[in-house]
There are 4 protein chains.
Amino acid sequence: MTTHSAKPEDKRTRILNAAIHVFAENGFFHSKVSDVAKAAGVADGTIYLYFKNKDDLLISLFENRMALALSSLEEAVAAAEGPEGKLRALIRRQFELVAETPEVAEVLTVELRQSSKFMKEYSPAAFADLLKLIAGIVREGLADGSFSTNIPVTHAARMLFGLLDEVTLNWLLSKDKFDITEATDWVVAFILGGLKQGK
Amino acid sequence: MTTHSAKPEDKRTRILNAAIHVFAENGFFHSKVSDVAKAAGVADGTIYLYFKNKDDLLISLFENRMALALSSLEEAVAAAEGPEGKLRALIRRQFELVAETPEVAEVLTVELRQSSKFMKEYSPAAFADLLKLIAGIVREGLADGSFSTNIPVTHAARMLFGLLDEVTLNWLLSKDKFDITEATDWVVAFILGGLKQGK
Amino acid sequence: MTTHSAKPEDKRTRILNAAIHVFAENGFFHSKVSDVAKAAGVADGTIYLYFKNKDDLLISLFENRMALALSSLEEAVAAAEGPEGKLRALIRRQFELVAETPEVAEVLTVELRQSSKFMKEYSPAAFADLLKLIAGIVREGLADGSFSTNIPVTHAARMLFGLLDEVTLNWLLSKDKFDITEATDWVVAFILGGLKQGK
Amino acid sequence: MTTHSAKPEDKRTRILNAAIHVFAENGFFHSKVSDVAKAAGVADGTIYLYFKNKDDLLISLFENRMALALSSLEEAVAAAEGPEGKLRALIRRQFELVAETPEVAEVLTVELRQSSKFMKEYSPAAFADLLKLIAGIVREGLADGSFSTNIPVTHAARMLFGLLDEVTLNWLLSKDKFDITEATDWVVAFILGGLKQGK
DNA sequence: CATGAATGAGACTTCATTCAT
DNA sequence: CATGAATGAAGTCTCATTCAT
């Protein structure tokens, strides 16, 4: 009756997964802890055995999922050749992730902004790492001559992130989802050539 | 005393201004209606004479401020020459607005995203108009040969918006604000030339 | 533009009439003073020039309408011959009044009970007068031998009132209103002969 | 301590009992949910674990108490012989119930009328059953010749109910309560013989 | 007299969190 | 470890009443 295999970790994960669903559906503020508990199939009080409070649940979720996303992106980048290839791989993988787990993307995209404002101090480590990943590619491109710009690298990285972020959000909110491959092409083209590409 | 009696509009405006402050400071969900009332120097109940409920206050605020921002941006664009000039004017004015009224920018940037998720259906008309403004410039540039890209115009416009949006957010959250003029230059450079500018 | 003929009394009456409508529709507790004002075509504050507060409005309304109803009932009774005739006249007039002004009946029937509980001490004078009117008929009937009962007259009067009251309420709440003449016949028959009439 | 742990039903019942007290004392509209909670010895929020809202509390109370009263009345009627005996038993039991639990009677008598107006559609099932019980006795009396009237049975039943209801209310509001036995006698006499009894 | 914008006390209700079992 | 009934603080909103015009 009781599966002994259910390690504590399992339950923590189940709660996080449930939280993703619930937060993606209703947003963090409109979500009730008891909804998460119900979705996770645990009692309300159980949440508090694994998380300090509701905020901690959101933060843990960010950390958990951003780390996952980041490593997936890093993996894709690592497997690609050259700055342009890496950039394309990064963007493509990002869109793949979004398409595979839109609920995760929704929470990360929508709630993170809100929260990083509130908890002001808070900004998930993985977020900084993502910026670093992007910056690294840009830096590499500048070094080997693939890219050429005098925009400070960190700012360029942020702009790239914002661009991806917005396209992601747009995709999440749109009814008739556009095609990921196409999206990748556009974004890469835009990033590489700006509005003067082909020139 | 100065102006003989406060017209209704005055009070509504005062409440909206107060709401901007309060929402920018604490975020919409952490703000209490009574805080807005206090900041506006009116009784709690007075809020409800001008707005249906707390949500309506936020929506009204969006509508009001986005319309103002939009007309300012349109004005700047209208005064500029050529697609590139217009693009630069748009971006520069955007950053000027952000620098002048960071609280407004904060609410529009942070809360709007959250809200466009919840009120899903809701999206301020002015937001669509802003996208149209951007798209118009891009289209003009494509027509006269200033720009050249095969990215669909609406998607390009969205990407431009996301890029601006993110840079804005980054500026708002950063402690040591970067210089607007520089920001304008970077962003324009990035948009026009992408990472291959100069090539 | 201003009809000078609108004597203060007119406005007071207008407010009372409006209150009848509103209270009958929504009940006293669910009715807003501003609804009454709107229905009366006056400003909210004007209500307070004629009535001390919301409760006073209800009380005044009771007094006003019960007095009207009472005098109508008294008139009907006075015009009738003999105890039986008077009883029948009373009952018939009661039903006529109910049919003519159901809203008034509704307020008097439904709200008065509630109120006589709250305002415990309060009980409109006209109500006592109505009981007296009924008691008088009973007493007259006992004196001339038309009636014969050893129930104390005041209690008999109360029972008669309750019976009428309930039939009235039933009529008000029922969809397919029964015929007044028939109702009169039944009630008179019941009162005169009880369940053993004809015996 | 006595009974090991309070079953949920216990707490629900405690709240209902508290509500009776509070509503009888102040009336439904003037009663605060927090007053009921205080009287029940529970937290405000606990009320909402057992009842949807304040209105539901009142409705549940009606249903609960009317059902109890009805079964008591039915029991009394069942134990009596013949239509007259049953009628007398019904009336006597009604007055006994009122004397034993005047607060319950007060709520049922005063608030029910108000409510059946508001919640218009709402009318407790037990109320209809009570009318059926009365109608059954009348019908039985007509069948065996104990009673004789050409008033439609359902209307007769309603009149009987109204009569009882009013006498009950009168007793509740009067200071020097009359004697139940006498009241039973009067009412029975009135119902059986009308004002012409003895004839 | 009349207005109606403004007030602000207070009610209902929600829900994060606790803790006895 | 897990539960989920209970808590009670806190927030939104209503509306009777006032008062400056």
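Just the heavy atoms: all of them, side chains too, but no hydrogens, waters or symmetry mates, feed the values below. Letters A, B, ... mirror the listed sequences (proteins, then strands); counts begin at 1.
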Provide, to the nearest angstrom, the distance between the [atom1] atom belonging to [X] and the [atom2] atom belonging to [N].
X: D:K38; N: F:dT7; atom1: NZ; atom2: P; value: 14 Å
X: A:F29; N: E:dC15; atom1: CZ; atom2: C1'; value: 14 Å
X: B:F51; N: F:dT12; atom1: CZ; atom2: C1'; value: 16 Å
X: B:D10; N: E:dA6; atom1: CG; atom2: C1'; value: 15 Å
X: C:N26; N: F:dC15; atom1: CG; atom2: P; value: 11 Å
X: C:R12; N: E:dA2; atom1: CZ; atom2: C1'; value: 17 Å
X: D:D56; N: E:dC12; atom1: CG; atom2: C1'; value: 14 Å
X: C:K11; N: E:dA2; atom1: NZ; atom2: C1'; value: 6 Å

Legend entry - First of A:S31 and C:V42 reached from the 5' end of DNA chain E, by closest nucleotide: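 Going by which nucleotide is closer to the 5' end, it is C:V42.
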Legend entry - 5' precedence on DNA chain E between C:G41 and D:T46 (nearest-nucleotide basis):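 Between the two, 5'-proximity favours C:G41.
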Legend entry - Pair assignment for DNA chain F - dot-bracket with | for other-strand partners, Watson-Crick or G-U under 3.5 Å: .||||||||||||||||||||
Inset, instruction - Provide the closest heavy-atom pair for D:P102 versus D:L172 in the form atom of the first, atom of the second, distance. - result: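 In terms of heavy atoms, the two residues are closest at O-CD2, 3.6 Å.
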Inset, instruction - Using atom types as modelled and distance alone, determine if a side-chain donor or acceptor of A:K32 lies under 3.5 Å from a backbone N or O of A:A37. - result: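 Not confirmed, A:K32 side chain does not pair with A:A37 backbone.
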Legend entry - Side-chain N or O of C:Y50 closer than 4.0 Å to phosphate OP1/OP2 of E:dC1: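 Looking at the OP1 and OP2 atoms of E:dC1, neither is under 4.0 Å from any side-chain N or O of C:Y50.
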Please tabulate, one pair per line, each protein N/O and nucleotide N/O from nucleotides 17-21 of chain F that are separated by under 3.5 Å, including the distance.
from, atom 1, to, atom 2, distance (Å)
F:dT17, OP2, C:Y48, OH, 2.9
F:dT17, OP2, C:K54, N, 3.0

Legend entry - For D:N17, all residues meeting side chain to side chain donor-acceptor pair (under 3.5 Å), sequence neighbours excluded: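 Only D:R65 meet the side chain to side chain donor-acceptor pair (under 3.5 Å) criterion with D:N17.
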Legend entry - With sequence neighbours excluded, residues passing side-chain contact (heavy atoms from CB on, under 4.5 Å) with B:K38: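 B:K38 satisfies side-chain contact (heavy atoms from CB on, under 4.5 Å) with B:D35 only.
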Legend entry - side-chain contact (heavy atoms from CB on, under 4.5 Å) partners for C:T101, two or more places apart: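 Result, side-chain contact (heavy atoms from CB on, under 4.5 Å) vs C:T101: C:V104.
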Legend entry - C:D165: partners by salt bridge (Lys or Arg N to Asp or Glu O under 4.0 Å), with sequence neighbours left out: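 Counting only residues at least two positions away or on another chain, C:D165 forms a salt bridge (Lys or Arg N to Asp or Glu O under 4.0 Å) with C:R113, D:R113.
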Inset, instruction - Tell me, please, whether C:Y48 has C:K54 positioned over its six-membered ring: NZ or CZ under 6.0 Å from the ring centre and within 45 degrees of its axis? - result: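 Verdict for C:Y48: no cation-pi partner in C:K54.
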Inset, instruction - Could you pick out which residue, A:L49 or D:I47, lies toward the 5' side of DNA chain F when each is mapped onto its nearest nucleotide? - result: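 Counting from the 5' end, the first nearest nucleotide belongs to A:L49.
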Inset, instruction - For the side chain of D:K32, starting at C-beta, report the closest nucleotide among E:dT3, E:dA11, F:dG8. - result: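 Of the candidates, E:dA11 comes closest.
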